[in-house]
Amino acid sequence: MVRHLTKISDFTKEECALIIQKAIEMKENPEKFNSTMQHKTMLMIFEKPSLRTRVSFETGLSQLGGHAIFYSIKDSPLGKKENIADTVRCAARYVDIIGARVFKRQDILELAKYSDVPIINMLDDFAHPCQMLCDFQAIQEKKGKLTGLKISYYGDAYNNVTYDLMRIAAIFGMEMDVACPEGAEYSPEQEVLDEIAELSKKSGAKIRVVHDALEAAKNSDVLYTDSWMSYGIPAEQEEARKKVFMPFQVNPKVMSAAKPDAIFMNCLPAMRGYEQTAEVIDGPQSIVFDQAENRLHAQKAIILFLLNKF
Ligand code: CP
Ligand code: NVA
């Protein structure tokens with residue numbers, strides 16, 4: 001059966017741990033894997049912008065001996081002259097694996113439904129699973145473990161990255177506080193909260209939504225934030241959003257309320273003076289560029305896992 005990665009909870013805890021272990025091995029010894037994707041092709045469909053995802057997947061494929069095709073949705077009949085099902089049924093005849101960055105979660109599910117090759121969600125409005133595995137690889141590298149840790153998240157919680165961060169924290173049985181403004185437009189959707197409750201029942205995770213940044217920082221090992229202006233949010237909302245999210249900015253006061261050896265993470269792109277201050281992102285506790293580097297390693301491991309090449 002073809003496996004897809006539409007959100008991080010498509011994988012079990014054991015599978016996530018296995019992929020992270022493989023990513024660490026691939027980072028240490030990349031040459032060992034340099035022909036694992038020989039004569040294989042990945043199609044990457046992009047509906048929204050990207051730096052890290054596009055460049056790390058393209059580089060990763062070439063390091064594995066394969067080839068990646070960048071395909072902008074602007075150039076495509078997808079959703080206009082042709083439906084997603086027809087697009088993917090054709091593309092799957094040419095390539096071995098497909099990644100897609102789209103606005104709507106339904107489009108990822110539709111791709112997965114009709115594809116004969118694995119679909120990787122490269123970011124929709126519901127999840128960012130590749131980011132999670134690279135982030136947890138970075139946490140494993142910095143903290144030496146993935147259990148017994150507290151993560152706190154700050155800012156926009158009606159958000160793809162937040163949802164998958166909650167899911168993976170729940171999968172690994174972690175403690176997590178999500179600090180966000182009150183109101184449905186800034187908070188996790190009920191569907192996500194229900195899934196987190198289910199996952200937590202199994203793993204013993206303790207995940208809360210709170211509205212106080214300092215409370216969330218208490219006892220925290222990892223402080224994580226994401227853009228207040230996700231791709232697609234109209235520029236005219238920027239000032240209003242800045243005002244609403246400012247009490248959840250990660251600044252030196254919030255950092256010092258966490259454990260002294262806490263690390264700071266942001267999936268990037270980041271805006272200094274918005275979701276975090278420059279002192280924090282450019283300071284000694286920040287690991288954002290190690291996180292970004294791991295996109296390369298973790299995604300190579302995800303590809304090999306989905307193609308049964310472990
Ligand atoms: N973190 C991340 O996905 O970055 P890009 O939007 O640059 O791909
Ligand atoms: N929440 C952000 C993540 C970017 C990687 C966005 O959707 O733009």
Side-chain angles (χ1 to χ4, degrees), residues 5-8 23 42-61 68 70-73 99-108 120-139 151 153-168 178-181 185-189 192 222-235 237-238 241-242 244-245 248-250 264-272 274-276 281 286-300 302-303:
L5 179 58
T6 67
K7 56 181 177 169
I8 195 60
M42 175 172 180
L43 173 66
M44 306 188 301
I45 301 171
F46 278 91
E47 189 177 22
K48 32 187 183 181
S50 168
L51 168 75
R52 283 145 288 269
T53 304
R54 176 181 176 182
V55 177
S56 57
F57 265 111
E58 278 196 35
T59 306
L61 257 291
F70 170 77
Y71 192 76
S72 165
I73 235 162
R101 170 169 284 203
V102 293
F103 281 106
K104 297 195 302 281
R105 66 195 73 171
Q106 289 80 7
D107 290 349
I108 289 289
I120 298 177
N121 180 356
M122 301 195 298
L123 185 73
D124 61 8
D125 62 341
F126 200 48
H128 197 3
C130 300
Q131 183 72 49
M132 293 307 120
L133 291 165
C134 88
D135 290 347
F136 268 52
Q137 179 186 349
I139 295 171
I151 300 194
Y153 174 86
Y154 300 86
D156 186 8
Y158 182 82
N159 182 39
N160 40 28
V161 168
T162 320
Y163 294 174
D164 253 3
L165 198 62
M166 292 171 80
R167 293 185 186 105
I168 195 166
V178 175
C180 63
E185 66 272 50
Y186 312 116
S187 308
E189 293 163 56
V192 176
V222 179
L223 291 86
Y224 198 119
T225 188
D226 184 15
S227 176
W228 294 347
M229 288 299 292
S230 282
Y231 296 126
I233 292 177
Q237 290 184 20
E238 187 165 334
R241 289 175 73 84
K242 196 174 171 188
V244 171
F245 289 124
F248 301 92
Q249 182 188 60
V250 184
F264 171 75
M265 301 179 77
N266 183 330
C267 58
L268 307 179
M271 283 169 78
R272 288 160 178 78
Y274 281 65
E275 67 272 4
Q276 69 284 290
I281 194 167
S286 170
I287 66 156
V288 298
F289 299 114
D290 297 317
Q291 231 185 307
E293 179 192 330
N294 282 350
R295 296 299 300 276
L296 181 63
H297 312 297
Q299 286 162 189
K300 290 201 286 191
I302 292 168
I303 291 168

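Atoms within each ligand, like the ligands themselves, are counted from 1 in listed order. Keep in mind the model is a prediction, meaning the values are calculated, not measured.
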*For ligand 1, the residues whose heavy atoms come within less than 4.0 Å (ordered by chain, then number)*: Ser50, Leu51, Arg52, Thr53, Arg101, His128, Gln131, Tyr231, Cys267, Leu268, Arg295

Do [X] and [Y] make a side-chain contact, defined as non-hydrogen atoms from C-beta onward lying under 4.5 Å apart?
{"X": "Pro269", "Y": "Arg52", "value": "yes"}
{"X": "Phe136", "Y": "Leu165", "value": "yes"}
{"X": "Ile302", "Y": "Leu5", "value": "yes"}
{"X": "Tyr186", "Y": "Phe245", "value": "yes"}
{"X": "Tyr163", "Y": "Glu189", "value": "yes"}

*Residue list, ring-ring contact (aromatic ring centres under 6.0 Å, His included) with Phe70, at least two apart or on another chain*: Phe46

*Exactly which residues line ligand 2, taking a heavy atom under 4.0 Å from it as the test?*
Leu123, His128, Asn159, Asn160, Val161, Asp226, Ser230, Tyr231, Leu268

*asked:* The criterion is side chain to side chain donor-acceptor pair (under 3.5 Å); which residues satisfy it with Thr6, sequence neighbours excluded?
replied: Asp10

*Are side-chain N/O atoms of Gln299 and Ser56 paired as donor and acceptor at under 3.5 Å?*
yes

*Kindly check if the number of other-residue, nucleotide or ligand heavy atoms within 6.0 Å of OH (Tyr231) is above 12?*
yes

